[in-house]
Amino acid sequence: MGNDAGFHEIELIKIEGINKKVMDVKMAQKNLKSFFQGFLNKERFFVDKKVLQVNYSPPSLVHRDEQINQIASILAPALNFEKPSNIFIYGKTGTGKTVSVRHTLDELTVVANEQKIALKTVYINCKLKRVADTEYRLVSTLIKELDDVTIPFTGLPTDEVYRIFYDILEKKKVLLILVLDEIDQIVKKTGDELLYNLTRINSELKQSIITIVGISNDLMFVDTLDARIKSSLGEEEMVFPPYDATQIKDILSQRSKIAFRLGVIGEGVIEKCAAFAAREHGDARRAIDLLRIAAELAERDNKEKVSVDYIDIAENKLESDKTLDMVSTQPKHFQCVLYSVISCSDPKSSVASTGSVYDYYVDVCKKTGLRPLTQRRVSGILAELEMLGLINSKVVSKGRAGRTRELKVSIPYSLLGKTYEILKKSLGL
DNA sequence: CACCGTTCAGTTGAACTAAGCAACGGAATTCGG
DNA sequence: GAATTCCGTTGCTTAGTTCAACTGAACGGTGGA
């Protein structure tokens with residue numbers, strides 16, 4: 001082969017590199033110490049950061065009293081161990097659906113505990129891949145939440161899993177309030193069998209009761225259901241309207257009072273956050289994230305206070321973190337397909353056709369040693385990527401030139417380069 | 001020019017397959033008496 | 001002889017494959033005005 005010499009050379013360089021690295025590390029460690037000391041001594045922006053995190057449930061919710069009262073009055077019969085109606089809640093992301101439900105359930109649980117009522121609430125997000133994205137997996141996570149019994153992740157008949165669930169419930173004699181967040185996702189993917197089975201179990205239960213609280217972003221969701229299920233399930237429906245800018249402002253000021261040290265939030269910062277988020281169909285979660293990230297960035301830069309400029313930076317970071325994270329956590333083949341879509345996009349119109357993408361994909365697979373999947377599967381993967389919002393597609397017929405999906409990457413242009421790099425690295429190209 | 005059948009390049013639904021797993025039941029092995 | 005271990009069988013889920021029907025607008029041929 002004759003590359004022995006070269007090999008040694010590389011080794012030598014490596015060793016030299018390591019020596020250099022050791023020195024760097026020593027230096028860095030010295031700096032690191034002072035860095036950490038500085039970190040401690042510095043006046044921190046945050047008093048209680050978790051107030052601004054996603055799963056924080058505030059003690060009181062502004063601008064959702066009406067909805068909370070409604071949920072509460074629907075669920076109140078639970079306190080007499082009577083079955084509350086099932087609820088279906090619709091609304092765009094960040095309109096406070098999840099928080100409101102959680103808040104109400106927390107309060108309800110407190111009262112139920114005082115009254116010694118066996119009330120149990122379980123919250124499951126149906127979108128989570130590999131956790132609750134099929135009927136089997138959802139019921140098995142449900143069981144795990146309920147009784148900490150682990151169900152094998154494959155091998156059992158779904159009926160059996162339902163039976164275990166049924167037995168646990170019957171044994172426990174509880175009133176279970178089951179919150180299924182993003183329920184439209186799982187139904188779209190696996191059909192409405194799940195809902196049917198849950199209602200069926202409910203009618204068979206003698207000792208226990210299940211009430212389902214379904215949360216969906218898709219207003220049309222209920223129309224896609226079978227009429228039988230609709231009638232037995234959609235007993236109560238609620239719609240959460242988006243927040244307007246002033247409401248978001250209220251939410252932000254309420255939270256920032258707890259989260260931040262006094263005076264670190266600059267003039268107009270909250271207003272700007274609110275305006276940004278209101279522009280995006282009143283997404284309060286986004287507004288909160290924006291504020292948090294802006295503060296984090298300002299703090300990192302050793303600023304006195306959070307200024308308005310940081311919100312723009314935060315906006316970019318928020319967007320990029322979200323997409324880049326999503327891209328890097330996809331399975332290999334998904335990444336490969338996405339990479340192909342980006343590569344095949346016509347520089348002018350930025351669209352790609354399925355055929356060219358597939359050819360390119362097969363090439364990429366060969367290069368990376370991946371076994372290429374069939375076109376059918378790739379078609380499915382493209383559909384899933386579209387669900388994730390990474391690409392846009394439209395089926396177009398081009399007459400004699402056949403039919404195809406026009407694929408368009410919907411990753412913002414500013415992130416495309418970075419995304420491309422991540423994909424390349426992850427695929428080993 | 002209007003109309004209509006053909007054609008292309010995928011799309012999409014359904015049936016099927018392989019891999020990985022659990023439960024079951026019978027055979028083989030071990031063990032204490 | 002009873003208890004335990006081992007092993008093959010069966011049946012399940014899930015991801016992916018195979019098969020085939022379906023799609024819809026441009027193309028191109030036909031006939032009528």
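Labels below follow one simple rule: chain letters A, B, ... track the order of the sequence lines, proteins then strands, and each chain is numbered from 1.
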Rounded to whole Å, please give me the gap between [atom1] in [X] and [atom2] in [N].
{"X": "A:K189", "N": "B:dG13", "atom1": "NZ", "atom2": "C1'", "value": "17 Å"}
{"X": "A:E384", "N": "B:dT12", "atom1": "CD", "atom2": "P", "value": "13 Å"}
{"X": "A:R163", "N": "C:dC12", "atom1": "CZ", "atom2": "P", "value": "15 Å"}
{"X": "A:R405", "N": "C:dG24", "atom1": "CZ", "atom2": "C1'", "value": "16 Å"}
{"X": "A:Y358", "N": "B:dT11", "atom1": "OH", "atom2": "P", "value": "12 Å"}
{"X": "A:L382", "N": "B:dA9", "atom1": "CG", "atom2": "P", "value": "18 Å"}

Donor-acceptor pair (no angle test) under 3.5 Å: [X] side chain, [N] base:
{"X": "A:T404", "N": "B:dG10", "result": "no"}
{"X": "A:R403", "N": "C:dT23", "result": "yes"}
{"X": "A:R400", "N": "B:dC8", "result": "no"}
{"X": "A:R376", "N": "B:dG13", "result": "yes"}

Considering only [options], which nucleotide approaches the side chain of [X] most closely?
{"X": "A:S379", "options": "C:dT13, B:dT11, B:dC21", "result": "B:dT11"}
{"X": "A:S397", "options": "B:dA22, C:dG24, B:dT11", "result": "C:dG24"}
{"X": "A:R377", "options": "C:dC12, B:dG10, C:dT17", "result": "C:dT17"}
{"X": "A:L156", "options": "B:dG10, B:dA23, B:dC21", "result": "B:dA23"}

Check your understanding: What class does the angle between the rings of A:F221 and A:F88 fall in, given that below 30° is parallel, 30 to 60° is tilted and above 60° is perpendicular?
Key -> parallel
Practice item. Give the ring-plane orientation class for A:Y420 versus A:Y339, where under 30° counts as parallel, over 60° as perpendicular and anything between as tilted. Key: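 A:Y420 and A:Y339: parallel rings.
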Point to revise | Touch class at under 4.0 angstrom, heavy-atom based, for A:T374 against every strand present | key: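 Base: the residue A:T374, judged by heavy atoms under 4.0 Å, touches a nucleobase.
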Considering just the side-chain nitrogens and oxygens of [X], establish if one lies under 4.0 Å of OP1 or OP2 belonging to [N].
{"X": "A:R371", "N": "C:dG16", "value": "no"}
{"X": "A:T354", "N": "B:dT11", "value": "yes"}
{"X": "A:T134", "N": "C:dT14", "value": "yes"}

Review point. Less than 6.0 Å separating the ring centroids of A:F240 and A:Y90?
Key: no
Check your understanding: So which one's nearest nucleotide on DNA chain C is more toward 5', A:G155 or A:R137?
Key -> A:G155
Practice item. Ignoring hydrogens and angles, tell me if any N or O in the side chain of A:N125 forms a donor-acceptor pair with the backbone of A:K127 under 3.5 Å. Key: yes
Practice item. For atom CD of A:E193, decide whether the heavy atoms of other residues, nucleotides or ligands shown that lie under 6.0 angstrom number more than 12. Key: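 No, not enclosed.
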